[in-house]
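First up is the structure itself, then whatever we jot down about it.
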Amino acid sequence: MRWKRLTHRLGPKLLSLVMALALWLGVTNQIEFEKDIVFPIRYADLSEKITPLDQLPEEVRTRVRAKGRFLAYRLRGAFCRVDLAAAQVGHNSVVVTGGNMILPDDVAVTRVEILEPRSIAMEFDETVIRDIPIHASVTGVPEEGHVRVGKTFVNPTVARVRGPRRLVDPVALLTTEEVSLEGARNTLRRRVALKGPEGSTVEVTPESAEVGITIEPIVRQEVASVAAHFAGELPPGMVLSCEPPEVALVLTGARSLVEVTAESLSRVLLRAGAWREGAGQFVFATEREGEALALVPENTTRPSADPDSPAGSVVTGPVQVILPLPPGVSVAEVRPSTLTLSVGRAAPDTVSAEDAAP
(Lines give C-alpha, C1' and ligand atoms only; values in the text may rest on other atoms or scores of the structure.)
Protein backbone atom coordinates (compact mmCIF):
# COMPACT_ATOMS: atom_id res chain seq x y z
CA MET A 1 0.00 0.00 0.00
CA ARG A 2 2.80 2.39 0.86
CA TRP A 3 4.44 1.75 -2.52
CA LYS A 4 1.15 2.50 -4.29
CA ARG A 5 0.85 5.81 -2.44
CA LEU A 6 4.38 6.76 -3.49
CA THR A 7 3.82 5.91 -7.15
CA HIS A 8 0.34 7.43 -7.34
CA ARG A 9 0.40 10.31 -9.84
CA LEU A 10 4.15 9.73 -10.35
CA GLY A 11 4.40 11.87 -13.49
CA PRO A 12 3.22 15.12 -11.90
CA LYS A 13 5.43 14.44 -8.88
CA LEU A 14 8.57 14.03 -11.04
CA LEU A 15 7.70 17.13 -13.02
CA SER A 16 7.39 19.12 -9.82
CA LEU A 17 10.79 17.85 -8.65
CA VAL A 18 12.47 18.83 -11.89
CA MET A 19 10.92 22.29 -11.82
CA ALA A 20 12.05 22.77 -8.22
CA LEU A 21 15.64 21.79 -9.13
CA ALA A 22 15.66 24.12 -12.10
CA LEU A 23 14.40 26.97 -9.97
CA TRP A 24 17.03 26.24 -7.32
CA LEU A 25 19.83 26.14 -9.89
CA GLY A 26 18.60 29.32 -11.51
CA VAL A 27 18.64 31.14 -8.19
CA THR A 28 21.99 29.77 -7.01
CA ASN A 29 23.66 30.59 -10.34
CA GLN A 30 23.01 34.24 -9.58
CA ILE A 31 24.66 33.99 -6.18
CA GLU A 32 28.42 34.46 -5.80
CA PHE A 33 30.40 31.71 -4.09
CA GLU A 34 34.03 31.61 -2.97
CA LYS A 35 36.20 28.48 -2.98
CA ASP A 36 39.89 27.52 -2.69
CA ILE A 37 40.92 25.62 -5.83
CA VAL A 38 44.25 24.19 -6.99
CA PHE A 39 45.10 24.66 -10.68
CA PRO A 40 47.99 23.27 -12.77
CA ILE A 41 50.78 25.59 -13.90
CA ARG A 42 51.76 25.59 -17.57
CA TYR A 43 55.10 27.20 -18.46
CA ALA A 44 55.32 28.84 -21.87
CA ASP A 45 58.01 30.10 -24.23
CA LEU A 46 61.01 28.63 -22.37
CA SER A 47 64.05 28.49 -24.66
CA GLU A 48 65.45 25.02 -25.34
CA LYS A 49 68.92 26.46 -24.76
CA ILE A 50 68.38 26.63 -20.99
CA THR A 51 67.09 24.15 -18.40
CA PRO A 52 66.06 24.70 -14.75
CA LEU A 53 68.33 23.16 -12.13
CA ASP A 54 65.34 22.13 -10.01
CA GLN A 55 61.82 21.04 -10.81
CA LEU A 56 59.52 24.04 -11.16
CA PRO A 57 56.25 24.16 -9.17
CA GLU A 58 53.48 22.28 -10.92
CA GLU A 59 50.42 23.70 -9.13
CA VAL A 60 49.10 26.99 -7.81
CA ARG A 61 46.57 27.31 -4.99
CA THR A 62 43.96 30.02 -5.51
CA ARG A 63 40.83 31.49 -3.99
CA VAL A 64 38.14 31.98 -6.64
CA ARG A 65 34.97 34.03 -6.36
CA ALA A 66 32.35 33.44 -9.03
CA LYS A 67 28.63 33.08 -9.57
CA GLY A 68 27.14 29.63 -9.25
CA ARG A 69 27.90 26.49 -7.31
CA PHE A 70 30.23 23.62 -8.24
CA LEU A 71 33.13 25.97 -9.08
CA ALA A 72 35.81 23.26 -8.99
CA TYR A 73 33.90 21.25 -11.59
CA ARG A 74 33.03 24.22 -13.81
CA LEU A 75 36.67 25.46 -13.76
CA ARG A 76 38.22 22.03 -14.37
CA GLY A 77 39.85 23.20 -17.63
CA ALA A 78 41.44 26.33 -16.17
CA PHE A 79 45.20 26.69 -15.61
CA CYS A 80 47.87 29.18 -14.61
CA ARG A 81 50.08 30.32 -17.50
CA VAL A 82 53.62 31.44 -16.60
CA ASP A 83 55.62 33.08 -19.38
CA LEU A 84 59.38 32.25 -19.32
CA ALA A 85 60.36 34.02 -22.54
CA ALA A 86 62.60 36.40 -20.55
CA ALA A 87 64.32 33.64 -18.52
CA GLN A 88 68.11 33.41 -18.79
CA VAL A 89 71.05 31.52 -17.31
CA GLY A 90 71.29 32.22 -13.58
CA HIS A 91 68.68 33.21 -10.99
CA ASN A 92 65.23 34.29 -12.15
CA SER A 93 62.00 35.25 -10.39
CA VAL A 94 58.44 35.42 -11.73
CA VAL A 95 55.47 37.00 -9.92
CA VAL A 96 52.20 35.07 -10.19
CA THR A 97 48.94 37.04 -10.14
CA GLY A 98 45.33 36.47 -11.04
CA GLY A 99 46.17 37.75 -14.49
CA ASN A 100 48.11 34.54 -15.13
CA MET A 101 44.93 32.48 -14.87
CA ILE A 102 43.36 31.17 -18.08
CA LEU A 103 39.67 30.60 -17.26
CA PRO A 104 36.67 29.27 -19.26
CA ASP A 105 34.62 32.00 -20.88
CA ASP A 106 31.30 30.54 -19.69
CA VAL A 107 32.10 30.96 -15.97
CA ALA A 108 31.40 34.38 -14.46
CA VAL A 109 34.50 34.76 -12.29
CA THR A 110 34.60 38.03 -10.36
CA ARG A 111 37.93 37.58 -8.55
CA VAL A 112 40.94 35.23 -8.44
CA GLU A 113 43.42 35.53 -5.58
CA ILE A 114 46.74 33.67 -5.74
CA LEU A 115 47.47 32.05 -2.40
CA GLU A 116 50.60 30.02 -3.10
CA PRO A 117 53.06 30.48 -4.68
CA ARG A 118 52.80 34.20 -5.29
CA SER A 119 56.25 34.25 -6.85
CA ILE A 120 58.45 31.53 -8.30
CA ALA A 121 62.22 31.64 -7.81
CA MET A 122 64.14 29.53 -10.28
CA GLU A 123 67.69 29.00 -11.53
CA PHE A 124 68.59 28.05 -15.09
CA ASP A 125 71.75 26.71 -16.69
CA GLU A 126 72.81 26.05 -20.25
CA THR A 127 71.22 22.93 -21.75
CA VAL A 128 73.67 20.21 -22.83
CA ILE A 129 73.08 16.86 -24.52
CA ARG A 130 75.65 14.06 -24.16
CA ASP A 131 75.87 10.36 -24.96
CA ILE A 132 77.25 8.67 -21.83
CA PRO A 133 78.44 5.02 -21.58
CA ILE A 134 76.39 2.59 -19.49
CA HIS A 135 78.05 0.32 -16.92
CA ALA A 136 76.25 -2.68 -15.44
CA SER A 137 76.40 -2.85 -11.65
CA VAL A 138 76.85 -6.54 -10.75
CA THR A 139 77.03 -7.98 -7.23
CA GLY A 140 77.29 -11.43 -5.68
CA VAL A 141 78.81 -14.66 -6.93
CA PRO A 142 77.26 -17.65 -8.73
CA GLU A 143 76.45 -20.90 -6.98
CA GLU A 144 79.46 -23.01 -6.04
CA GLY A 145 80.72 -24.96 -9.03
CA HIS A 146 79.69 -22.24 -11.47
CA VAL A 147 81.57 -19.27 -12.83
CA ARG A 148 80.92 -16.02 -14.67
CA VAL A 149 82.25 -16.11 -18.24
CA GLY A 150 83.34 -13.29 -20.52
CA LYS A 151 82.24 -9.69 -20.48
CA THR A 152 78.89 -8.39 -19.28
CA PHE A 153 76.51 -7.67 -22.16
CA VAL A 154 74.82 -4.25 -22.04
CA ASN A 155 72.32 -2.99 -24.62
CA PRO A 156 72.35 -0.16 -25.41
CA THR A 157 75.91 0.71 -24.49
CA VAL A 158 75.22 4.46 -24.19
CA ALA A 159 72.30 6.62 -23.10
CA ARG A 160 71.48 10.17 -24.16
CA VAL A 161 71.46 12.59 -21.24
CA ARG A 162 69.88 16.05 -21.52
CA GLY A 163 69.90 18.65 -18.78
CA PRO A 164 71.65 21.63 -17.22
CA ARG A 165 75.39 21.70 -17.80
CA ARG A 166 76.17 21.89 -14.09
CA LEU A 167 74.49 18.53 -13.51
CA VAL A 168 75.40 16.68 -16.72
CA ASP A 169 79.07 17.59 -17.28
CA PRO A 170 80.43 15.83 -14.14
CA VAL A 171 78.88 12.50 -15.19
CA ALA A 172 81.34 10.16 -16.95
CA LEU A 173 79.41 6.91 -16.56
CA LEU A 174 75.82 5.81 -16.03
CA THR A 175 75.26 2.73 -13.87
CA THR A 176 72.34 0.33 -13.80
CA GLU A 177 70.41 -0.83 -10.80
CA GLU A 178 72.23 -3.74 -9.16
CA VAL A 179 72.06 -7.16 -10.83
CA SER A 180 72.72 -9.90 -8.28
CA LEU A 181 74.51 -13.11 -9.28
CA GLU A 182 74.16 -14.60 -5.81
CA GLY A 183 73.46 -18.32 -6.18
CA ALA A 184 72.91 -18.11 -9.94
CA ARG A 185 73.36 -21.27 -12.04
CA ASN A 186 72.25 -20.09 -15.46
CA THR A 187 72.91 -17.18 -17.78
CA LEU A 188 71.08 -14.03 -16.69
CA ARG A 189 69.38 -11.56 -19.03
CA ARG A 190 67.43 -8.74 -17.40
CA ARG A 191 66.18 -5.25 -18.18
CA VAL A 192 67.10 -2.90 -15.36
CA ALA A 193 66.65 0.81 -14.73
CA LEU A 194 69.48 3.29 -15.18
CA LYS A 195 70.69 5.51 -12.37
CA GLY A 196 70.71 8.96 -13.92
CA PRO A 197 72.58 12.02 -12.65
CA GLU A 198 71.22 13.76 -9.57
CA GLY A 199 68.60 16.32 -10.48
CA SER A 200 64.91 16.15 -11.33
CA THR A 201 65.36 18.13 -14.54
CA VAL A 202 67.86 15.72 -16.11
CA GLU A 203 66.38 13.48 -18.82
CA VAL A 204 67.94 10.08 -19.60
CA THR A 205 66.94 8.20 -22.77
CA PRO A 206 66.36 5.28 -22.58
CA GLU A 207 65.55 4.88 -18.91
CA SER A 208 66.62 1.21 -18.79
CA ALA A 209 69.09 -1.20 -20.38
CA GLU A 210 69.26 -4.93 -21.00
CA VAL A 211 72.04 -6.68 -19.07
CA GLY A 212 73.28 -10.17 -19.96
CA ILE A 213 75.77 -12.21 -17.92
CA THR A 214 76.94 -15.66 -18.99
CA ILE A 215 77.23 -18.22 -16.18
CA GLU A 216 78.48 -21.74 -16.82
CA PRO A 217 79.36 -24.78 -14.71
CA ILE A 218 83.02 -25.40 -13.95
CA VAL A 219 84.15 -28.64 -15.64
CA ARG A 220 87.27 -30.78 -15.91
CA GLN A 221 88.33 -32.24 -19.24
CA GLU A 222 91.37 -34.33 -20.18
CA VAL A 223 93.34 -33.57 -23.32
CA ALA A 224 95.44 -36.58 -24.28
CA SER A 225 98.53 -36.79 -26.55
CA VAL A 226 99.83 -33.24 -26.12
CA ALA A 227 103.29 -33.29 -27.72
CA ALA A 228 106.25 -31.70 -25.95
CA HIS A 229 108.23 -29.12 -27.94
CA PHE A 230 111.31 -27.24 -26.78
CA ALA A 231 112.86 -23.80 -27.08
CA GLY A 232 116.15 -22.43 -25.79
CA GLU A 233 119.85 -22.44 -26.58
CA LEU A 234 121.57 -25.84 -26.89
CA PRO A 235 125.29 -26.62 -26.88
CA PRO A 236 126.70 -27.13 -30.41
CA GLY A 237 125.91 -30.54 -31.85
CA MET A 238 123.54 -31.46 -29.06
CA VAL A 239 119.86 -32.37 -29.18
CA LEU A 240 117.22 -32.54 -26.46
CA SER A 241 114.87 -35.44 -25.88
CA CYS A 242 111.93 -35.98 -23.55
CA GLU A 243 110.50 -39.15 -22.08
CA PRO A 244 107.61 -39.56 -22.53
CA PRO A 245 107.35 -37.35 -25.61
CA GLU A 246 103.66 -36.60 -24.94
CA VAL A 247 101.61 -35.74 -21.86
CA ALA A 248 97.92 -35.56 -20.97
CA LEU A 249 96.56 -32.32 -19.52
CA VAL A 250 93.47 -32.03 -17.33
CA LEU A 251 91.92 -28.60 -17.87
CA THR A 252 89.43 -26.91 -15.57
CA GLY A 253 87.28 -23.83 -16.04
CA ALA A 254 84.03 -22.68 -17.61
CA ARG A 255 82.53 -25.35 -19.84
CA SER A 256 82.59 -23.47 -23.16
CA LEU A 257 86.15 -22.19 -22.64
CA VAL A 258 87.45 -25.62 -21.68
CA GLU A 259 85.77 -27.27 -24.68
CA VAL A 260 87.19 -24.75 -27.17
CA THR A 261 90.66 -24.96 -25.60
CA ALA A 262 90.65 -28.75 -25.62
CA GLU A 263 89.85 -28.82 -29.35
CA SER A 264 92.78 -26.56 -30.26
CA LEU A 265 95.41 -27.78 -27.78
CA SER A 266 97.90 -30.12 -29.45
CA ARG A 267 101.28 -29.23 -28.01
CA VAL A 268 103.07 -27.79 -25.03
CA LEU A 269 106.23 -25.69 -25.34
CA LEU A 270 109.03 -26.13 -22.77
CA ARG A 271 111.29 -23.09 -22.79
CA ALA A 272 114.56 -22.48 -20.97
CA GLY A 273 117.22 -19.81 -21.27
CA ALA A 274 119.93 -22.40 -21.91
CA TRP A 275 120.17 -26.18 -21.98
CA ARG A 276 123.34 -28.13 -21.20
CA GLU A 277 124.54 -31.69 -21.65
CA GLY A 278 123.17 -34.22 -19.22
CA ALA A 279 119.89 -35.72 -18.00
CA GLY A 280 117.48 -35.03 -15.18
CA GLN A 281 114.07 -35.75 -13.73
CA PHE A 282 111.64 -32.85 -13.69
CA VAL A 283 108.13 -32.45 -12.25
CA PHE A 284 105.36 -30.04 -13.20
CA ALA A 285 104.70 -27.31 -10.64
CA THR A 286 101.85 -24.81 -10.58
CA GLU A 287 102.37 -21.07 -10.40
CA ARG A 288 99.70 -18.48 -9.58
CA GLU A 289 96.84 -20.89 -8.83
CA GLY A 290 97.09 -22.88 -12.03
CA GLU A 291 97.41 -19.93 -14.41
CA ALA A 292 100.98 -20.96 -15.30
CA LEU A 293 103.14 -24.06 -15.10
CA ALA A 294 106.85 -24.68 -14.72
CA LEU A 295 109.10 -27.74 -14.82
CA VAL A 296 111.31 -27.93 -11.75
CA PRO A 297 113.91 -30.51 -10.77
CA GLU A 298 112.48 -33.46 -8.89
CA ASN A 299 112.15 -32.94 -5.12
CA THR A 300 111.74 -29.18 -5.66
CA THR A 301 108.38 -27.91 -4.46
CA ARG A 302 108.20 -24.67 -6.43
CA PRO A 303 110.00 -22.86 -9.24
CA SER A 304 113.07 -20.93 -8.26
CA ALA A 305 113.00 -17.15 -8.49
CA ASP A 306 116.73 -17.10 -9.20
CA PRO A 307 117.52 -18.18 -12.78
CA ASP A 308 121.12 -18.94 -11.79
CA SER A 309 120.26 -21.23 -8.89
CA PRO A 310 121.37 -24.88 -9.16
CA ALA A 311 118.70 -27.09 -10.68
CA GLY A 312 118.93 -30.19 -12.86
CA SER A 313 121.98 -31.21 -14.77
CA VAL A 314 120.48 -30.15 -18.10
CA VAL A 315 119.21 -26.66 -17.33
CA THR A 316 119.72 -23.70 -15.04
CA GLY A 317 116.59 -22.64 -13.19
CA PRO A 318 113.00 -23.73 -13.87
CA VAL A 319 111.66 -24.56 -17.30
CA GLN A 320 108.78 -22.38 -18.44
CA VAL A 321 105.74 -24.28 -19.71
CA ILE A 322 103.90 -22.30 -22.39
CA LEU A 323 100.28 -23.23 -23.10
CA PRO A 324 97.74 -21.27 -25.17
CA LEU A 325 95.20 -21.07 -22.33
CA PRO A 326 92.56 -18.31 -22.31
CA PRO A 327 91.79 -16.45 -19.07
CA GLY A 328 89.58 -18.58 -16.86
CA VAL A 329 91.07 -21.92 -17.94
CA SER A 330 93.82 -23.54 -15.89
CA VAL A 331 95.69 -26.83 -15.70
CA ALA A 332 94.44 -29.00 -12.84
CA GLU A 333 96.73 -31.96 -13.52
CA VAL A 334 99.51 -33.20 -15.83
CA ARG A 335 99.90 -36.92 -16.58
CA PRO A 336 102.53 -38.09 -16.06
CA SER A 337 103.69 -35.44 -13.65
CA THR A 338 107.39 -36.32 -14.14
CA LEU A 339 109.47 -35.97 -17.32
CA THR A 340 112.99 -37.08 -18.08
CA LEU A 341 114.89 -34.46 -20.09
CA SER A 342 118.14 -35.45 -21.79
CA VAL A 343 120.65 -33.35 -23.72
CA GLY A 344 123.26 -35.25 -25.68
CA ARG A 345 124.70 -36.09 -29.07
CA ALA A 346 122.24 -36.46 -31.91
CA ALA A 347 120.46 -39.79 -31.85
CA PRO A 348 117.40 -41.24 -33.58
CA ASP A 349 113.95 -40.16 -32.41
CA THR A 350 115.11 -37.01 -30.62
CA VAL A 351 113.64 -33.56 -30.74
CA SER A 352 115.82 -30.55 -31.56
CA ALA A 353 115.21 -27.32 -29.61
CA GLU A 354 116.06 -25.34 -32.74
CA ASP A 355 113.09 -26.95 -34.53
CA ALA A 356 110.56 -26.01 -31.87
CA ALA A 357 108.12 -23.22 -32.54
CA PRO A 358 108.75 -20.04 -30.57
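Predicted model, so just to flag it, every value in this text is computed and none were measured.
Within 6.0 Å of atom CZ in Arg189, more than 12 heavy atoms from other residues, nucleotides or ligands are found, so the atom counts as buried in its surroundings. Atom CZ of Arg111 has more than 12 neighbouring heavy atoms from other residues, nucleotides or ligands inside a 6.0 Å radius. Residue Glu58 places its CD atom among 12 or fewer non-hydrogen atoms of other residues, nucleotides or ligands, all under 6.0 Å distant.
Contact of the Val250 side chain with the Gln221 side chain is not registered, since no non-hydrogen atoms from C-beta on lie closer than 4.5 Å. Using a 4.5 Å heavy-atom threshold, the side chains of Thr51 and Arg162 count as touching. Taking the side chain as every heavy atom from C-beta outward, Pro297 and Phe282 approach each other to under 4.5 Å. At a threshold of 4.5 Å between non-hydrogen side-chain atoms, the residues Val226 and Ser266 do not count as touching. Here the side chains of Val82 and Leu56 are not in contact, with every heavy-atom distance at 4.5 Å or above. Here the side chains of Ile132 and Val158 are not in contact, with every heavy-atom distance at 4.5 Å or above. Using a 4.5 Å heavy-atom threshold, the side chains of Leu339 and Pro244 count as touching. For the pair Leu194/Thr175, no side-chain contact is recorded, criterion being any heavy-atom separation below 4.5 Å from C-beta on.
Of the possible polar contacts, none joining the Arg61 side chain to the Phe39 backbone as a donor-acceptor pair under 3.5 Å is found. At least one donor-acceptor pair under 3.5 Å links the side chain of Thr127 to the backbone N or O of Glu48. Side-chain atoms of Asn100 come within 3.5 Å of backbone N or O of Arg81 as a donor-acceptor pair. Of the possible polar contacts, none joining the Trp275 side chain to the Val239 backbone as a donor-acceptor pair under 3.5 Å is found.
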Inset, instruction - Please report the C-alpha distance between Lys35 and Val64 in whole Å, then the side-chain angles of each, then the deciding distance to 0.1 Å, and finally whether the side chain to side chain contact (heavy atoms under 4.5 Å, CB included) criterion is met. - result: CA-CA 5 Å; Lys35 185 175 181 61; Val64 181; 5.7 Å; no

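Exactly one residue among Thr340, Val247, Leu341 makes a side chain to side chain contact (heavy atoms under 4.5 Å, CB included) with Cys242. That residue is Leu341. Here the options are Leu269, Leu293, Val334, the test is side chain to side chain contact (heavy atoms under 4.5 Å, CB included), and the partner is Val321; only Leu293 passes. For the side chain to side chain contact (heavy atoms under 4.5 Å, CB included) criterion with Arg63, the lone passing option out of Leu115, Ile37, Val112 is Leu115.
In this structure, CD on Glu113 lies 5.5 Å from CZ on Arg118, to the nearest 0.5 angstrom. Leu53 contributes atom CG, which lies 4.5 Å from atom CZ of Arg166 (distance to the nearest 0.5 angstrom).
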